[in-house]
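This report concerns only the one structure given below.
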Amino acid sequence: TFMHEDKWSVKKLIRRIVLSATYRQSSAVDAEKGKSDPDNKWYARGPRHRLSAEQIRDQALYVAGVLCTKKNGPGIMPYQPDGIWSSPYNGDVWTQTKGEDQYRRAVYIFWKRSAAYPSTILFDGPGRQVCVARRVRTNTPLQALTLLNDPAYIDIARQFAFRLKRQAGKLPEKQIMLGFRLATGRAPSAESLRTFLDLYRSSVSAFRKDADKACQVVGEMSSQTNPETAALVVVTNALMNLDEVIMKK
């Protein structure tokens, strides 16, 4: 089929695969399938794996409503900690891109072969020193710490919170329900909603006692700088760290 019908078109092949009934199966494993095909050798269930480094970033930007779809042009330099480019070979400096361009897709991130973008490496992005035919996926604490604490992802969480405030009104229940649906593609269960509401309320209480911390979380001094917005940033940060958000199921 690949040779004669698709005429060696890889795009057509990929489309055929992802639209097949086999590929679109649920990744859930029941007792019978787990016993008869534990390694999924016979494709008794759908694939389940963590998204790639680039996909995790691009998905977060899309969910937050800030993904820039501009095509072509020079590479971008989103936030990166100081010192990553420190090198005895030249005096190049990482100059952070501003405006909407900093939210362009990960494929446009400027890549220095000897100092790749940190979060990409942490999520198993390969270096450019050798050819890599297939990425190896790992699961380490540093990955969770990156999504929870990396200033680039904190900024995305802020943008997500601002989007929820614009689109869902002032009620935290509606904000969380919309955020959960945008991040996961489904409505939250009563237990999940209660968990995130508890996180929101405890965060509001903490930020009311520490105005400086609230300002630090929101990232600016403006009309958005208040305990409620800061608490919503904490919630959106947690939402984008859910297993079902960073996993392909």
Side-chain angles (χ1 to χ4, degrees), residues 18 21 23-35 40 44-51 55-67 123 139-141 143-150 153-210 213-214 216-219 223-249:
V18 300
Y23 186 87
R24 290 186 290 169
Q25 293 181 109
S26 169
S27 61
V29 184
D30 56 35
E32 183 180 348
K33 290 181 179 179
K35 185 177 180 180
N40 205 27
R45 56 188 180 275
R48 182 182 187 274
H49 54 76
R50 196 197 65 227
L51 300 178
Q55 289 171 327
I56 288 175
R57 178 181 179 274
D58 291 353
Q59 176 181 251
L61 290 171
Y62 180 81
V63 169
V66 294
L67 179 65
F123 283 97
N139 185 14
T140 72
Q143 294 164 352
L145 289 170
T146 297
L147 293 178
L148 285 169
N149 299 290
D150 188 320
Y153 284 98
I154 295 296
D155 177 56
I156 295 174
R158 291 185 191 118
Q159 303 303 323
F160 192 10
F162 297 160
R163 178 185 185 182
L164 297 183
K165 292 192 70 174
R166 289 194 306 268
Q167 297 183 1
K170 297 182 179 180
L171 292 177
E173 291 87 347
K174 291 187 176 180
Q175 292 171 346
I176 293 172
M177 290 180 69
L178 175 60
F180 196 97
R181 182 172 60 79
L182 289 171
T184 67
R186 66 177 179 86
S189 64
E191 182 180 2
S192 295
L193 180 59
R194 183 168 58 252
T195 298
F196 280 107
L197 276 173
D198 288 344
L199 174 62
Y200 175 85
R201 288 163 181 160
S202 63
S203 298
V204 168
S205 178
F207 288 129
R208 282 176 177 166
K209 299 175 183 177
D210 192 341
K213 189 67 174 178
Q216 182 181 353
V217 171
V218 176
S223 59
Q224 298 275 24
T225 307
N226 52 63
E228 290 73 23
T229 302
L232 192 56
V233 173
V234 173
V235 170
T236 54
N237 189 27
L239 277 171
M240 290 192 293
N241 279 272
L242 290 176
D243 179 74
E244 63 182 298
V245 175
I246 64 171
M247 298 289 290
K248 192 263 178 223
K249 296 184 176 183

Non-hydrogen side-chain atoms of Asp155 and Gln159 separated by less than 4.5 Å
yes
Flag, side chain of Arg158 to backbone of Val217, donor-acceptor distance under 3.5 Å:
yes
Please list all pairs passing the salt bridge (Lys or Arg N to Asp or Glu O under 4.0 Å) test where one or both residues lie in residues 230-240, with sequence neighbours left out.
none
Taking side chain to side chain donor-acceptor pair (under 3.5 Å) as the cut-off, I'd like each qualifying pair that reaches into residues 178-187, sequence neighbours left out, listed once.
Arg186-Glu244
Closest non-hydrogen atoms of Asn40 and Gly46, given as atom of the first, atom of the second and distance, are ND2-O, 4.2 Å
Can you list the residues that meet the side-chain contact (heavy atoms from CB on, under 4.5 Å) rule with Lys33, with sequence neighbours excluded?
Asp30, Ala44
Output the distance between atom CG (Asn226) and atom NZ (Lys165), rounded to the nearest 0.5 Å.
4.5 Å
Taking Thr236 for the side chain and Leu232 for the main chain, is one N or O donor matched with an acceptor at less than 3.5 Å?
yes
Scan the side chains in residues 170-180 for donor-acceptor partners under 3.5 Å anywhere in the protein, sequence neighbours excluded, and list what turns up.
unit_1: Gln175; atom_1: NE2; unit_2: Gly169; atom_2: O; d: 2.8

For Gln143, what residues pass the side-chain hydrogen bond (donor to acceptor under 3.5 Å, both in side chains) criterion, not counting sequence neighbours?
Arg50, Thr138
Working to the nearest 0.5 angstrom, can you tell me the gap between His49 NE2 and Lys248 NZ?
6.0 Å
Across all chains, not counting sequence neighbours, the side-chain contact (heavy atoms from CB on, under 4.5 Å) partners of Asn241 are Leu147, Leu148, Asn237
Considering residues at least two apart in sequence or located in another chain, which fulfil the side-chain contact (heavy atoms from CB on, under 4.5 Å) criterion with Val63?
Gln59, Phe160, Leu182, Ala183
Excluding sequence neighbours, so at least two apart, what forms side-chain contact (heavy atoms from CB on, under 4.5 Å) with Tyr62?
Leu67
If you compare all heavy atoms of Ala64 against all heavy atoms of Arg163, which two are closest, and at what distance to 0.1 Å?
O-CD, 3.6 Å
Can you find a heavy atom in the side chain of Phe123 that is under 4.5 Å from one in the side chain of Leu51?
no
Side chain proximity check, Leu239 to Val245, heavy atoms < 4.5 angstrom:
no
With sequence neighbours left out, which residue pairs that include part of residues 187-204 fulfil the side chain to side chain donor-acceptor pair (under 3.5 Å) condition?
Ser189-Ser192
